[in-house]
Structure formats: structure tokens, C-alpha cells
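Each chain gets a letter, A, B and so on, in the order the sequences are listed, and its residues count up from 1. All of these numbers come straight from a predicted model, not from anything done at the bench.
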Number of protein chains: 2
Amino acid sequence: MTVRAAEAPGTADQRRAQMLRAALEIITERGYPDTRIADVAERAGVSPALVIYYFKTKDQLLTEAIRHYEDFWYTVSARRLAELPTATARLEELVAMNCLPEEEPEPGLSWQIWLDFWAQAARNTEVADVRRMSDERWREMIRSIVTLGQQTGEFAAVEVEGFAICLASLLDGLAIQIALEDSVVDPVTAFEVGMRFAADQLGFAWVPGRTRTSAVQ
Amino acid sequence: MTVRAAEAPGTADQRRAQMLRAALEIITERGYPDTRIADVAERAGVSPALVIYYFKTKDQLLTEAIRHYEDFWYTVSARRLAELPTATARLEELVAMNCLPEEEPEPGLSWQIWLDFWAQAARNTEVADVRRMSDERWREMIRSIVTLGQQTGEFAAVEVEGFAICLASLLDGLAIQIALEDSVVDPVTAFEVGMRFAADQLGFAWVPGRTRTSAVQ
DNA sequence: AATGATTGACTGAATGTTCAGTCTAGAAAC
DNA sequence: GTTTCTAGACTGAACATTCAGTCAATCATT
């Protein structure tokens, strides 16, 4: 017996994934620095010792959790964007992903992890590397959408790199407000600010009322 | 005897200020969560017990340190801006303060502290309040400059609140890159991105070469 | 003398990590 | 087919350390 929340012992890979998921949950809830391996272990239905058994050290666990999250986020994003037909729709989806919380996890919670992520990147070189890559990927996404839009004639001929830097930074800044639940800049406002900027710079028409082309409502 | 780095005992207010400054230095160096009162005490040339004597708890010390920093920063900013004649010059200075590192606000106190600040605000309501006020102040600064510029005819008639939100967010996002020493977005690039955005939106001329009207070089 | 500032020494709690094993499943030996 | 052996997964209990906060005693100043 001893049927735990975790159920089957499972393979090594499953266990790792399970712990990383648990770690992510705890990080999201308590914040990076206040995440204890005991918490993660409990969430995964496992002893603290086992967590150390898999991840040599606490720091390694948390770092890998961040990396894991980053990868997951990027994969989901890329897949979603690829499904949309026009560059405009893709750009809109990209901005929406950055601004509009989805039911998935608690609203606001999932954004907070980015703040921890950035703060951690400032001192932990391991995390800093992950972030650097993450940001480059993100800008590359923007670049490729803009380039596509320019080829199809949807977008004006702006300087791509400059636009990517600007939009990426703007979205980061908006993400901060959303994560901290700013009273002035709520998610919808942020979304509209982002889209208005993009539409203005790239010269395509966009009306704020109609939320998302791939309307989720 | 026991002539410490701190020298004179000073009044209670001086002592507090001294410790807050020390706290800020340590926070900047080690990060918010890894700042220990022993560090702060040592930096201030004082016993750990005395730190607790002045600030009932560690949390209070750190929170006040943040608040102190906030206040100091805004005071300096406001004074500097007021000295400049035109709205354009003020806006340029504002963007520069957000992007170009200087020795001005306490040497060493870098941008990283903002990341800690944000991350902390996500979980600590005390800090969250400070941040909310801080952000509102910041947007108000932008708003007043824009309004001034519109009155003098320097700026076009954009919607002020929307522009303030957008610029503030953009600058926050750029600050992240600068704090994390992004290889693509260095301070000068960030400054130019910010200014180009402002010039574009507000419809004033701006050439990237000439750095700052109140050239410090 | 009295009051407030200051400290060294101490404590208690939290928590990352180690360790000495237990348990299970499958391979090897018989 | 049964026993023995082995390796890896897993754990409870201890260990070691780090730190915030306490306290009684001292110092300085009025």
C-alpha cells in the first residue's frame, strides 16, 4: 500500500517531470526564494531526500524548473502561433498571450513567476543564461512574424530589429503591471496598449472592441 | 575607542538613515532575499542587535529601505527635471534616467534592485503598496511633462493617459534588459529606443547621435 | 541617578543535506 | 524453478548550519 498522491513509483524521467511540475507550482505560490524542498517533496508526494536524490541540490532543482517552464511556455506559444493564418492574427495572439490571463492557472499567479525569474537572473548565472535565451527566442518570434507580415503586405516596412526590441520591452513592462495587478493597467488595457502600439508602428488597422481574432471570449 | 567605519554615533535619525543606506547597498549586492541583518549591521559598522533595536524586524528594515530608496529616487528625479527648460529636454532626461547608468544615485546602486523590488511586491503587500505609489508617481511625471509640452506646442495632441501607460511600461521593460545586461539591448540602445518611441508618438524631432540635451558625456 | 544607546552572547526554529539502511524487481547462479 | 545477488528507488532520522530575534549587562550623556 502506501498509495500516495503520486501513485505509481514510475520511471526516473516521470519522477523528474513530476518534481519539476511540483517545484513550479510551489515557486508560483510562494515565490522562488521561499520555496523549500520539503514543500516540493510534499507536493510531489515524496520524501525530501528523494528530491535531492534526483537533483543534486536545491538550486539545481529550481534552476531546472525554470528552464523546464521556459521550454514549455515557448513550445506552447510556437505551436499556437503556427496555427494562425495571417501575420496580424499571430501578432495579436502573441500580445494576448503576454497580457490576457487564461483560466488555466490562477490569474496573476503565472505572471508572478516572471518577476522571480528576472530577479533570480540578476544573481544566478545559470538562470541568467536561461533568460538570455528566452528573450532572444521571444524577439525572434516577433521578428519572424513581422517579416512574414511585411512579405504578405500586411505590415509596413519598419526596421525589424528595432521594432522587436521595442515591442518585447513594452510587453515585458506590461507583464509587470499585470503580475502586480496594477489598478490602472489591467490585462485588457495592457492588451489594447500593446496592440495599438503594434498597429500604429506596423500600419495595420485594429479596433480595440473585437478581442482576439481567434476569439476565445 | 571602537572607532568603526561608521564613525560618530550620531542621532537616532542619522543612525536610521545610515542603516537604511547600508541595507540598500547589501540588497543591491546580494539581492533582497539573501540580505541578512548581520550584513547590514556590519556594513553600518554596528551590531546586529542594534539594527533590530531600530527596526523591530528584518522585514520592516527591508521594506523601509525600499521606501527610502523610492523617495530618494523621486526627489532627485523631480528636482532634476524641474531644472530643465523645455518639455522635450525633460522627457529626454526622464528617459535617460531610466536607461543610462550614472554615478548620481549612490554609486553601485544599480538597476537590479528594481527586479527585487517587483518580485517582492508580488508577495509582500507592504512593498506592493510602495510600488503602486511609485508607479503612479512615475506616470504622473510623464503626464505632466506631456501636458506641458502640448501647451507649449512642442508635442502633438496625443491621449495623455494612454501615452503615459505605454511609455512607463516600455521604460520598465527596457530597465529589465539593462539590469540583466542583455547583450542586444545595452543602455544606449535602450535610450534610443525609448526616445525614438517618444519622438514618434509625440511628433517632435530627435536625432540619436546627440546624446542628451543637457550633455553630461 | 536615570535614561537611552549599544553590544556580546545566546537561543530556538527552520531547513538543506547526509546517511545508513529498506524495499522491490529483475538478473545470475544453481 | 528456486535461491542468491545486485542495483536502483526510496525513506526516516539525524546532522549541521544559518539566522532572526532576545536579553542582561555595559556605556555614554544629560
Closest to side chain of Arg15(A), choosing from dA20(D), dC10(D), dT7(C): dC10(D)
Neighbour count above 12 (heavy atom, 6.0 Å) for Glu181(B) CD: no
Interatomic distance where CZ belongs to Arg16(A) and P belongs to dG8(D) [whole Å]: 16 Å
Whole-Å distance separating the OH atom of Tyr54(B) from the P atom of dT22(D): 17 Å
Spacing of Lys58(A) atom NZ relative to dT17(C) atom C1', expressed in whole Å: 12 Å
Residue Val46(B), side-chain heavy atoms: nucleotide from dA9(D), dT7(C), dA5(C) that is nearest: dT7(C)
Among dG8(C), dA14(C), dT17(C), the one nearest Arg36(A) by side-chain distance: dA14(C)
Candidate nucleotides dG8(C), dT11(D), dT17(C), ranked by approach to the side chain of Ser47(B) - the nearest: dG8(C)
Atom-pair distance (CD on Gln18(A); P on dC10(D)), nearest Å: 9 Å
Distance in angstrom units between Ile37(A) CD1 and dT17(C) C1', rounded: 7 Å
Interatomic distance where CG belongs to Leu50(A) and C1' belongs to dA20(C) [whole Å]: 16 Å
Asp71(B) and Arg67(B) ion-paired at < 4.0 Å: no
Nearest-0.5 Å distance, CD1 of residue Ile145(A) to CD of residue Glu140(A): 10.0 Å
Minimum-distance nucleotide to Thr57(B) side chain [options: dT11(D), dT6(C), dG21(D)]: dG21(D)
Minimum-distance nucleotide (side-chain atoms of Lys56(A) versus dT22(D), dA9(D), dT18(C)): dT18(C)
Out of dT18(C), dT22(D), dC10(D), whichever nucleotide has its closest atom nearest the side chain of Ala49(B): dT22(D)
Phe55(B) CZ - dT6(C) C1' separation (whole Å): 15 Å
Verdict with reasoning, Trp118(B) to Trp114(A), per ring-ring contact (aromatic ring centres under 6.0 Å, His included): CA-CA 10 Å; Trp118(B) 289 325; Trp114(A) 287 100; over 10 Å; no
Out of dC19(D), dG4(C), dG21(D), whichever nucleotide has its closest atom nearest the side chain of Tyr53(B): dG4(C)
Salt bridge present between Glu70(B) and Arg137(B) (N-O < 4.0 angstrom): no
Whole-Å gap separating C1' (dG16(C)) and CD (Gln60(A)): 14 Å
